[in-house]
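From a predicted model like this one, the values you see are computed outputs, not experimental measurements. Below, each value reflects all heavy atoms present in this structure, side chains not excepted, and no hydrogens, waters or symmetry copies. Position 1 is the first residue of the sequence; numbering continues from there.
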Amino acid sequence: QRWFTARLRIMEKHRALLAERPRVLALHHAVIAGALRRMGEAADLLEADIHLAQAVRLDPRNRRYRLVRLLVRLKRLVRR
């Protein structure tokens, strides 16, 4: 949990630098989404979907981000 908060702070602190490297920023979003996905609560899955959407927007050619986002969305549908 502690590293999760630290990663968010790093992203916030270095926003301008990361904006110059969208694929690195996408990776940060994907890692955060993975942690949220593993927590598995409904709110966490929604937040994971949001971070994965950012990752896909920043790195649209990355098929893995798209696939994981689809899986998160399916998991959210099953839980309803």
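- Looking at residues two or more places apart in sequence or on another chain, you find a salt bridge (charged side-chain N to carboxylate O under 4.0 Å, His left out) between R73 and D49.
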Anything under 3.5 Å between a donor and an acceptor, one on a side chain of residues 20-46, the other on a protein residue two or more places apart or in another chain? List them.
unit_1 : atom_1 : unit_2 : atom_2 : d
H28    : ND1    : R7     : NH1    : 2.8
H29    : ND1    : H51    : ND1    : 2.9
R38    : NH1    : G34    : O      : 3.3

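- Cluster membership check: L17 does not share its hydrophobic cluster with M11, using side-chain heavy-atom separations under 4.5 Å among Ile, Leu, Val, Met, Phe, Trp and Tyr.
- The structure places CD1 of I50 at 9.5 Å from CZ of R69, a figure rounded to the nearest 0.5 Å.
- Identified under the salt bridge (charged side-chain N to carboxylate O under 4.0 Å, His left out) test for residues 8-19, with sequence neighbours left out: none.
- The ring-ring contact (aromatic ring centres under 6.0 Å, His included) analysis of residues 53-80, with sequence neighbours excluded, yields no pairs.
- Under a 4.5 Å side-chain heavy-atom cut-off, the cluster of Ile, Leu, Val, Met, Phe, Trp and Tyr residues that includes V78 has no other member.
- Residues satisfying the side chain to side chain donor-acceptor pair (under 3.5 Å) test with Q54, not counting sequence neighbours, are R57.
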